[in-house]
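Shown next, in structure tokens, is the structure this report addresses.
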Amino acid sequence: MAKGITKRSVDYSRWYLDVIAAAQMADYGPVKGCMVIRPTGYAIWEAMQSELDAMFKETGHVNAYFPLLIPESFLQKEAEHVEGFAPECAVVTHGGGKKLEERVVIRPTSETVIWSMYKNWIQSYRDLPLLINQWANVVRWEMRTRLFLRTMEFLWQEGHTAHATYDEAEEETLKILGIYKNFAEEYMAMPVLTGLKTEKERFAGAVKTYAIEAMMQDRRALQAGTSHNLGQNFAKAFDVTFQTENGKLEHVWATSWGVSTRLIGGLIMTHSDDNGLVVPPRLAPVQVAIVPIWRSDDEKTAVLERLHAITADWQGKIRFKLDDRDNYRPGWKFNEWEKQGVPIRLEMGPKDLASEELVMVKRHSGEKERIPQSAVYEKVNEALEQVQQELFERALAHREKNSHYVDSYSELKERLKDEGGFYYVHWNGKRESEDKLQEETKATIRVIPSDQPEENGQCIFTGEASSRRVVVAKAY
RNA sequence: CGGGGCGUGGCGCAGUCCGGUAGCGCAUCUGUUUUGGGAACAGAGGGUCGUAGGUUCAAAUCCUAUCGCCCCGACCA
């Protein structure tokens, strides 16, 4: 049925790329690993941006913009940070035809430039908290890239906040984590686990890294957003201090947090099917595609007239497209909108004109329904809500079905190989066990879940006592 | 960096082994008939075969070099 899209069961990775191509979401740029985001893909990003941006602003954050180019020496000021990022930096060595005195890196992330500026902006406890976000592009020289999931250049938002106390920074870190979870679940309809990253997986330069972690249809994990408590690491590296209420000088406490265009990859791999993209209604650039059907010019006029009347007051309420192109036939249009992931399709032809009905089709289920023309607006709104809900529930059920409690390492190894999924296992925090796990199974500890109850058990690697379970999975 | 694959009209490919008029499908344009799940027919336009050198009467095809991209792995949001 869907020409040109490889089935998920045949080759998941090929399927993913085919979905993107069929929906015209992105294309390869001329430089290896770089991606052109086409209008269909970018519209989804814009929808994500506008929702997230509103959430940040509601919680007191403001937007600003910092430069793309950073002096190389800045990266080196924070020991762990340089170690983590130096290998993947693109470095500018020449400008204006001359070799630069100091090389300049294209930002892989902006902590260093931003903290170099915060040094000038923060003097007193009265200047805190400083809650800044920026929407930007960053470059990381990755060895292996994949559209949306990992590209050399990607778009993201990065929040960088400064606080007077550790507790306040920690509170901010968790607040943002909550926003990310809410966004992922309520808008993307993508259920996520929240939790702390292990030391091994922690952001270079952070004291604590929290993440939201989602399960894709192939049962692999996708880290979909991170929120870091940076402690005083960057304040110390850039010597950012403030005077406290009682006159003492202290280093500022920091956080940083981000989500990227990777979310689009997550969206695709959570909901789409063998017929192409499926976009949840709240983020769909087009929520309803209307396909009129006619044979004669008279029929065309009548059908379009009726549809115009029905949609007369939809402007600003429902994002819809009346597809009245006459160089394509209905079947072609059905397919086209399907590949684009439009949640609801309405069909109306001569038959419906007479019966005062029309046909409503849901993209995610293929379910068709005849609805009275007098109630289209209500029915469509109802359906959009319902689809949003069903997509979330479907994804959640998939995650639940593929999440397992396992108490032996040998069983974990077997099952990781054969079925994938999330495994809740006891681990007592030893780095060596974590390294061994990755080496032997390619899987990693994704999160130490926030909502997991304390439970006495034995670490499956060492047999030592453990008080909690962590989530192990193979990841993107 | 290792393994695999590929560079030929806009896109997808065949042709390369065995040198001899650059081809097919899709897309595009024109016209007619069509239109409830990817329309049919007729016609048309569009290519220095990744790049550079070599062999030859003759190179997409053989030789040498080189550049690039994609997929799979190690590393990563």
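Chain naming here is simple, since letters A, B, ... match the order of the sequence lines and numbering starts at 1 in each.
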Considering only the [atom1] atoms, how many Å lie between [N] and [M], rounded to the nearest integer?
N     : M     : atom1 : value
B:C18 : B:A60 : C1'   : 15 Å
B:G10 : B:C29 : P     : 16 Å
B:G68 : B:A52 : P     : 16 Å
B:C11 : B:U51 : P     : 15 Å
B:C49 : B:U21 : C1'   : 15 Å
B:U48 : B:G9  : C1'   : 13 Å
B:U56 : B:C75 : C1'   : 49 Å
B:A14 : B:C24 : C1'   : 7 Å

Could you list the donor-acceptor pairs under 3.5 angstrom formed by side chains in residues 173-181 of chain A, with sequence neighbours left out?
from, atom 1, to, atom 2, distance (Å)
A:T173, OG1, A:A169, O, 2.7
A:Y180, OH, A:Q157, OE1, 2.8
A:Y180, OH, A:G258, N, 3.0
A:K181, NZ, A:E185, OE2, 3.3
A:K181, NZ, A:V192, O, 3.3

Query raised in the report: Is the number of heavy atoms from other residues, nucleotides or ligands within 6.0 Å of CD (A:Q386) greater than 12?
Result: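 Yes - once you tally the heavy atoms of other residues, nucleotides and ligands closer than 6.0 Å, there are more than 12.
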Does a donor on one side chain and an acceptor on the other come within less than 3.5 Å for [X] and [Y]?
X      : Y      : answer
A:S256 : A:E111 : yes
A:Y423 : A:N402 : no
A:T444 : A:Q438 : no

Would you indicate what [X] reaches in the nucleic acid, counting non-hydrogen atoms under 4.0 angstrom: base, sugar-phosphate, or nothing?
X      : result
A:E142 : base
A:G33  : sugar-phosphate
A:V359 : base
A:T151 : base
A:P350 : base
A:D352 : base
A:S260 : base
A:K197 : nothing

For the pair made of [atom1] in [X] and [atom2] in [N], what is the distance, rounded to whole Å?
X      : N     : atom1 : atom2 : answer
A:Q223 : B:A77 : CD    : C1'   : 6 Å
A:N327 : B:A40 : CG    : C1'   : 16 Å
A:K300 : B:G36 : NZ    : P     : 15 Å
A:R363 : B:G37 : CZ    : P     : 17 Å
A:I5   : B:G12 : CD1   : C1'   : 16 Å
A:D274 : B:G37 : CG    : P     : 21 Å
A:K362 : B:G37 : NZ    : C1'   : 19 Å
A:F334 : B:G37 : CZ    : P     : 6 Å

How are the rings of [X] and [Y] set to each other: parallel, tilted or perpendicular (split at 30° and 60°)?
X      : Y     : value
A:W15  : A:Y12 : tilted
A:F85  : A:H81 : tilted
A:W135 : A:W45 : perpendicular

A side-chain contact here means heavy atoms from C-beta on lying under 4.5 Å apart; do A:H228 and A:T226 qualify?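 Touching, per the 4.5 Å side-chain cut-off.
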task = Answer yes when A:E357 and A:K351 have at least one side-chain N-carboxylate O distance shorter than 4.0 Å, and no when they do not.
result =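 Between A:K351 and A:E357 there is no salt bridge, as every charged N stays at least 4.0 Å from the carboxylate O atoms.
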Legend entry - Electrostatic pair A:D273-A:R363, nearest N-O below 4.0 angstrom: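 Looking at A:D273 and A:R363, the cut-off is met.
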Report each atom pair, protein N/O against N/O of nucleotides 71-74 of chain B, whose distance is under 3.5 angstrom.
from, atom 1, to, atom 2, distance (Å)
B:C71, OP1, A:Y28, OH, 3.3
B:C72, OP1, A:S13, OG, 2.5
B:C72, OP1, A:R146, NH2, 3.2
B:C72, OP2, A:R144, NH1, 2.9
B:C72, OP2, A:R144, NH2, 2.8
B:G73, OP2, A:R144, NH2, 3.3

- Is the base of B:G36 touched by the side chain of A:R329 through a donor-acceptor pair closer than 3.5 angstrom?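 Between B:G36 and A:R329, which were checked side chain against base, a qualifying N/O pair under 3.5 Å is absent.
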A:Y328 side-chain proximity, nearest of B:G36, B:A77, B:U28: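 The answer is B:U28.
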### Message
Within 45 degrees of the ring normal and closer than 6.0 Å to the centroid, is that where the cationic atom of A:R345 sits relative to A:W337?
### Response
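No, cation not above the ring by the 6.0 Å, 45° rule.
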Point to revise | Position toward the 5' end of RNA chain B (nearest nucleotide), A:W294 or A:E336 | key: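 The 5'-side residue here is A:W294.
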Nearest heavy atom decides the nucleotide; on that basis, is A:M348 or A:R262 closer to the 5' end of RNA chain B?
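This one resolves to A:M348.
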Quick one: stems involving RNA chain B, counted as three or more successive Watson-Crick or G-U pairs, both distances short of 3.5 Å.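 Ordered by first number, the stems with RNA chain B (at least 3 consecutive pairs each) read B:1-7 with B:67-73, B:10-13 with B:23-26, B:28-33 with B:39-44, B:50-54 with B:62-66.
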